[in-house]
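Treat the numbers as computed from the prediction; the structure is a model and nothing was measured.
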Amino acid sequence: MLRFIVRRLLLLIPILLGLSILVFAWIRALPGSVAQSQLGERATPALIKQINHQYGLDKPLPVQYWDYLKSLVSGNLGTSISSFRPVTYELGHRFPATIELALGAMAFAIALGIPLGFMAAKKYGSWFDQTSLVASLLGISIPIFVLGIILKYIFAVRLHWLPSIGREDILAVRPHPTNFYILDAIINADPGALWDAIKHLILPSIALGSIPLAIVMRITRASVLDVQHEDYVRTARAKGLPPGEVDRRHVLRNALLPISTIIGLQTGLLLSGAVLTETVFDWPGVGSWLTTAIANRDYPVLQGGILFLAIVFVLVNLVVDISYAIINPRIRLS
Amino acid sequence: MSVAEIEAVDIQLEGAPSGLWREAWSRLRRNPVAIIGFCLVAFFVLVAILAPLIARYNPNPAHPDLAQVSPGHAPGPSAAHWLGLDLNGRDEWARLIYGTRFSLLIGFVAASSGLSIGLVLGSIAGYAGGLVDTIIMRCMDIMLAIPGLLLAIGIVAMLGPGLWQIMVAVGITNVPIFARLLRGSVLAQRDQDFVLAARAIGVRRRGILFSHILPNAISPVIVQGTLAMATAIIDVAGLGFLGLGPQDPSTPEWGTMLTQVNQYLQSDPLLAIAPGVAIVLAVLGFNLIGDGLREALDPKLRGRV
């Protein structure tokens, strides 16, 4: 097991290096220079030179890359050109928002997807099964932002049941020690704040969770269908275990193996989707931050943000791989 | 009836051995879900072709009807304008119909360019093996390490927003997916007996790759290609929605039509719902076909026509 983990960790190094080269090269290929975007019409050759010197942009490329790598390793992602705050500071505030949203979406997908998929498999071929298959295809066909707009229109604009933008009431002034608003409300023992945070989370979570929901449901259905004809399930039934127990302890437990992998693999989708969801619902996370950074040509933010999300994605995949190996000995041995 | 006669009937029933494609086609024809998918896609293709006949108005009139619109308010549907006017005084129905052309075309170009580059890279990697394989696949791994839409946003940021830029961006995000798929497929075929036989009679490497391995490795690519078309339409609309699409406001692209949604969601929700429904139906069409094809081409189901 240790060898497997070490091997996977070693494989990570070339990926991360390649990623840093890619992001570095990409930033250099962007149109318009840093000096131009900062100075605008005040740009004179002397000022441009000064700014280039200030950011080390007058050094040779390999030296720039080396400096960049050194600062990355020390955890310095630069300073935002538009807000003049360190990128890491902004990430500290915005990443919790994105995680909260992603967790909300995943919770929605799992809580609904596994029972629905299980029921569909149990009633294989029935109208419920057929409907759920069509519904899941419809689910993966609705773009996140279209669903977000529709949800916002129905529940916020028409019915006024739920708020349409932001993470908390705009007039609220509350302390946020962790920036996870739900956790903060629990720490502060403030039920009003907790309900406010949950209310704001519902619509974005449903919008972002719709595609994972459809996928989790399909995989659960397929996986339960596979497992329920296994010999050990028949044995369990034959020895007289109550059907509920067989389903819980033998069918569902084994069927959960592929489902757990799929859930891990949805992270990339969630991070991509967060950009759109956060834009629709004005959610102050990493996604909406990157969208504004493109408009502002805020290179340090783009560079730091994209690299950060990619690293998160790679690490989550690593954790999924390792946990899968722990659950399933067949992978570990091959 | 003697045993021999029964066997003869059996053989007759089985008929002539048919190819994978013929079998797949007959399975596809009996799949109602796939048929609905084909109908949806055919419908949109027809709309795209016949747009000038159906649209009733010019999507970009030289003199838009500005008298009827005020900031944040557009008149709703009427007998003259079925879906109302947009915030710039242009007929929404006409823009939706002409938008079909752009969205289908962008989706098609993006998916097929990603497919062809991925196809070449993947089959080279799979067939050549060794160092070439390692280099190509590590590059693909690095590309896959960036979540799809983020990669596309990065590429658009580099090329600048616009119509062909989003095609390129979505196309590039598709490359590693197809490369991986093809490589796996080619690897599975490479050591088959028929490849060995071709090599034994002296067929050249390129000949083996193109006329023996690829035709056998292509069926998962067709399935993935259809599904990629669906995601390409979604991604293109997403980039358009984020304001990275065609910068010329006269281009009626479905995602771009939703960019200023907050300005009219309260007063005229139809302007948001109509392009949304169009995107969903087009994507659903391709997803249904892809799903049907997957079942039809599944070798495990062969012989169960």
Side-chain angles (χ1 to χ4, degrees), chain A residues 11 14-19 21-23 26-27 29-32 130 133-134 137-138 140-147 149-150 152-154 156-158 164-165 267-276 279-280 282 287 290-291 293-295 297 302 305-307 309-314 317, chain B residues 33 36-37 138-139 141-161 173 227 230-231 233-244 254-255 258-259 261-262 265-267 269 272-273 275-288 290-291:
Chain A
L11 270 176
I15 297 253
L16 289 182
L17 270 182
L19 208 59
I21 294 177
L22 192 71
V23 172
W26 166 69
I27 292 295
L30 287 175
Q130 300 292 338
L133 272 183
V134 174
L137 266 177
L138 201 64
I140 58 169
S141 302
I142 302 183
I144 296 172
F145 61 97
V146 171
L147 182 63
I149 291 169
I150 294 173
K152 198 164 136 174
Y153 175 69
I154 298 175
V157 176
R158 284 278 118 187
S164 64
I165 54 167
T267 328
L269 205 85
L270 287 180
L271 293 179
S272 284
V275 178
L276 293 165
T279 308
V280 174
D282 267 339
L290 286 178
T291 329
I294 293 179
R297 283 215 193 118
L302 279 176
I306 290 191
L307 190 69
L309 287 186
I311 291 174
V312 169
F313 184 42
V314 171
N317 279 341
Chain B
V33 173
I36 296 175
R138 286 301 83 76
C139 289
D141 282 350
I142 292 165
M143 281 172 79
L144 282 174
I146 304 177
L149 190 70
L150 282 180
L151 183 62
I153 290 177
I155 297 169
V156 175
M158 192 167 80
L159 301 174
T173 56
L227 298 174
T231 20
I233 294 177
I234 290 189
D235 286 351
V236 162
L239 290 174
F241 171 70
L242 290 176
L244 301 173
W254 290 340
L258 291 169
T259 309
V261 66
N262 283 328
L265 197 56
Q266 198 115 28
S267 64
I273 294 168
V277 169
I279 298 171
V280 173
L281 287 180
V283 172
L284 185 66
F286 284 102
N287 273 334
L288 291 176
D291 228 46

Relative to chain B, which segment of [X] carries a heavy atom at a distance below 4.5 Å: side chain, backbone, both, or neither?
| X | value |
| --- | --- |
| I306(A) | side chain |
| L290(A) | side chain |
| Y153(A) | both |
| I15(A) | both |

Under 4.5 Å, counting heavy-atom pairs only, tell me which of [options] racks up the most with chain A.
| options | result |
| --- | --- |
| G276(B), G160(B), G154(B), G148(B) | G154(B) |
| I273(B), L242(B), D141(B) | L242(B) |
| G238(B), A152(B), A230(B) | G238(B) |

State the [atom1]-[atom2] distance between [X] and [Y], to the nearest 0.5 angstrom.
| X | Y | atom1 | atom2 | result |
| --- | --- | --- | --- | --- |
| N287(B) | L138(A) | CG | CG | 10.0 Å |
| L309(A) | L150(B) | CG | CG | 5.5 Å |
| T291(A) | L244(B) | OG1 | CG | 8.0 Å |
| L276(A) | L239(B) | CG | CG | 8.0 Å |
| I140(A) | L227(B) | CD1 | CG | 7.0 Å |

So which part of [X] gets closer than 4.5 Å to some heavy atom of chain A, the side chain, the backbone, both or neither?
| X | value |
| --- | --- |
| D235(B) | neither |
| A272(B) | side chain |
| I233(B) | neither |
| L281(B) | neither |

- Begin with the C-alpha distance, continue with both residues' side-chain angles, and end with the deciding distance and a verdict on side-chain contact (heavy atoms from CB on, under 4.5 Å) for W26(A) and I146(B). CA-CA 13 Å; W26(A) 166 69; I146(B) 304 177; over 6 Å; no

So which atom in [X] and which in [Y] form the shortest heavy-atom distance, rounded to 0.1 Å?
| X | Y | value |
| --- | --- | --- |
| A310(A) | P147(B) | CA-CD, 4.4 Å |
| V280(B) | P143(A) | CG2-CD, 3.9 Å |
| L144(B) | F313(A) | O-CE2, 3.1 Å |
| I279(B) | F145(A) | CD1-CZ, 4.4 Å |

Of I142(A), L271(A), L137(A), the largest count of non-hydrogen pairs under 4.5 angstrom with chain B goes to L137(A)

Of L22(A), V23(A), V146(A), V134(A), the largest count of non-hydrogen pairs under 4.5 angstrom with chain B goes to V146(A)

- Can F241(B) and V280(A) be said to form a side-chain contact (heavy atoms from CB on, under 4.5 Å), step by step? CA-CA 9 Å; F241(B) 171 70; V280(A) 174; 3.6 Å; yes

